[in-house]
Trainee: 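This structure is in structure tokens; I'll ask about it shortly.
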Amino acid sequence: MNQILKEGLYTAEFLLSEGNGQISREGVTVVAGDALEPGQVLGIETASGKYAPYGSGGGADIAVGILYSGLPASAEERDGVAVVRLAEVAAARLTGLDGAATADLKTRNIIVR
């Protein structure tokens, strides 16, 4: 009997294209919490000003970027990298995407395909 293995998402697997160099990316601080995969849509918590999974509460209800590489679960805030401008991304590879997030990202020149 063959065992089927399922791989998670790879770093930037959601990314179709981005601006020259690293103009599309920024270093970000992500709130403490569960492990996050590359392609997690992010918002910014109102109180802390830190990035958080889009729609997770705390005011993170406006999509402002997409997590570039995964982050492990942590009880403390974490440093990460997010795509925050000038990019095309694959909708099927994003976590937390909805119609409102698609519109929010478009205002930041992140086009969902």
Side-chain angles (χ1 to χ4, degrees):
M1 185 162 111
N2 293 333
Q3 181 180 4
I4 297 174
L5 301 176
K6 183 178 179 195
E7 295 184 28
L9 293 175
Y10 290 103
T11 296
E13 186 174 349
F14 63 91
L15 197 55
L16 299 174
S17 69
E18 65 179 323
N20 289 336
Q22 295 181 356
I23 195 169
S24 300
R25 305 178 211 166
E26 290 286 340
V28 298
T29 302
V30 180
V31 297
D34 295 335
L36 300 174
E37 289 193 352
Q40 172 67 54
V41 178
L42 299 172
I44 297 178
E45 282 189 343
T46 305
S48 71
K50 308 280 191 273
Y51 285 74
Y54 167 75
S56 63
D61 54 357
I62 297 173
V64 298
I66 302 167
L67 191 62
Y68 185 79
S69 59
L71 292 174
S74 177
E76 298 182 15
E77 59 188 38
R78 307 159 274 185
D79 291 330
V81 174
V83 173
V84 297
R85 70 182 78 77
L86 300 174
E88 288 179 287
V89 297
R93 300 276 189 240
L94 300 179
T95 302
L97 183 69
D98 61 17
T102 299
D104 293 342
L105 293 171
K106 186 175 182 181
T107 67
R108 298 177 183 296
N109 295 307
I110 300 174
I111 307 303
V112 178
R113 302 277 185 215

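Just so you know, residue 1 is the first one in the sequence shown, and it goes up from there.
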Trainee: Which residues satisfy the side-chain contact (heavy atoms from CB on, under 4.5 Å) test with Ile62, sequence neighbours excluded?
Mentor: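 By the side-chain contact (heavy atoms from CB on, under 4.5 Å) rule, Ile62 matches Val64, Asp104.
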Trainee: If you group Ile, Leu, Val, Met, Phe, Trp and Tyr by side-chain heavy-atom gaps below 4.5 Å, do Leu42 and Val84 land in one group?
Mentor: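 Same cluster: Leu42 reaches Val84 through Ile, Leu, Val, Met, Phe, Trp or Tyr contacts under 4.5 Å.
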Trainee: Return yes if some donor-acceptor pair links the side-chain N/O of Arg113 with the main-chain N/O of Glu88 below 3.5 Å, else return no.
Mentor: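 Between the backbone of Glu88 and the side chain of Arg113 there is no qualifying donor-acceptor contact (under 3.5 Å).
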Trainee: I need the full list of side-chain hydrogen bond (donor to acceptor under 3.5 Å, both in side chains) pairs touching residues 29-43, with sequence neighbours left out, sorted by first then second residue.
Mentor: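 Passing the test, one end in residues 29-43: no pairs.
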Trainee: Taking only residues two or more places apart in sequence or in another chain, which ones pass side-chain hydrogen bond (donor to acceptor under 3.5 Å, both in side chains) with Ser48?
Mentor: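 Checked Ser48 against side-chain hydrogen bond (donor to acceptor under 3.5 Å, both in side chains); matches are Glu45.
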Trainee: To check you understand the geometry: which heavy-atom pair defines the closest contact between Val31 and Ala52, and what is its length?
Mentor: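 Taking Val31 first and Ala52 second, the nearest heavy atoms are CG2-CB, 3.7 Å.
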Trainee: I'd like to check the salt bridge (Lys or Arg N to Asp or Glu O under 4.0 Å) partners of Arg93; sequence neighbours left out, ordered by chain and number.
Mentor: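 For Arg93, the residues satisfying salt bridge (Lys or Arg N to Asp or Glu O under 4.0 Å) (neighbours in sequence not counted) are Glu13.
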Trainee: Val30 and side-chain contact (heavy atoms from CB on, under 4.5 Å): which partner among Asp79, Val81, Leu36?
Mentor: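 That would be Leu36.
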Trainee: In the hydrophobic clustering that connects Ile, Leu, Val, Met, Phe, Trp and Tyr at side-chain heavy-atom distances below 4.5 Å, which members other than Leu86 occupy its cluster, ordered by chain and number?
Mentor: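 Cluster partners of Leu86: Ile23.
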Trainee: Going by side-chain heavy atoms closer than 4.5 Å, which hydrophobic residues are tied to Ile111, directly or by a chain of links?
Mentor: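 Under the 4.5 Å side-chain rule, Ile111 groups with nothing.
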Trainee: Tell me, please, which residues at least two apart from Ala91 pass side-chain contact (heavy atoms from CB on, under 4.5 Å).
Mentor: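 side-chain contact (heavy atoms from CB on, under 4.5 Å) list for Ala91, sorted by chain: Leu97, Val112.
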Trainee: Could you grab the distance from atom CG of Asn109 to atom OG of Ser24, nearest 0.5 Å is fine?
Mentor: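 Reported value, rounded in 0.5 Å steps: 9.5 Å.
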Trainee: Hey, does Leu15 have a side-chain heavy atom less than 4.5 Å from the side chain of Val89?
Mentor: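 Val89 reaches Leu15 side chain to side chain.
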Trainee: If I compare all heavy atoms of Pro38 with all of Leu9, which pair ends up nearest, and what's the gap?
Mentor: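 That would be O-CD1, 3.3 Å.
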Trainee: Following the transitive rule for hydrophobic clusters with a side-chain heavy-atom cut-off under 4.5 Å over Ile, Leu, Val, Met, Phe, Trp and Tyr, establish whether Leu67 and Phe14 coincide in one cluster.
Mentor: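 Hydrophobic grouping puts Leu67 apart from Phe14.
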Trainee: Please identify each residue that fulfils side-chain hydrogen bond (donor to acceptor under 3.5 Å, both in side chains) with Glu26, with sequence neighbours left out.
Mentor: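 Listed in chain order: Arg85.
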Trainee: Can you pull the side-chain hydrogen bond (donor to acceptor under 3.5 Å, both in side chains) pairs that have at least one residue in residues 50-74, sequence neighbours excluded?
Mentor: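 Residue pairs with at least one partner in residues 50-74: Arg25-Tyr68, Tyr54-Asp98.
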Trainee: Please find the pair of heavy atoms, one from Gly96 and one from Val41, that lie closest to each other, and give the distance.
Mentor: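 The pair with the smallest heavy-atom distance is C-CG2, 4.2 Å.
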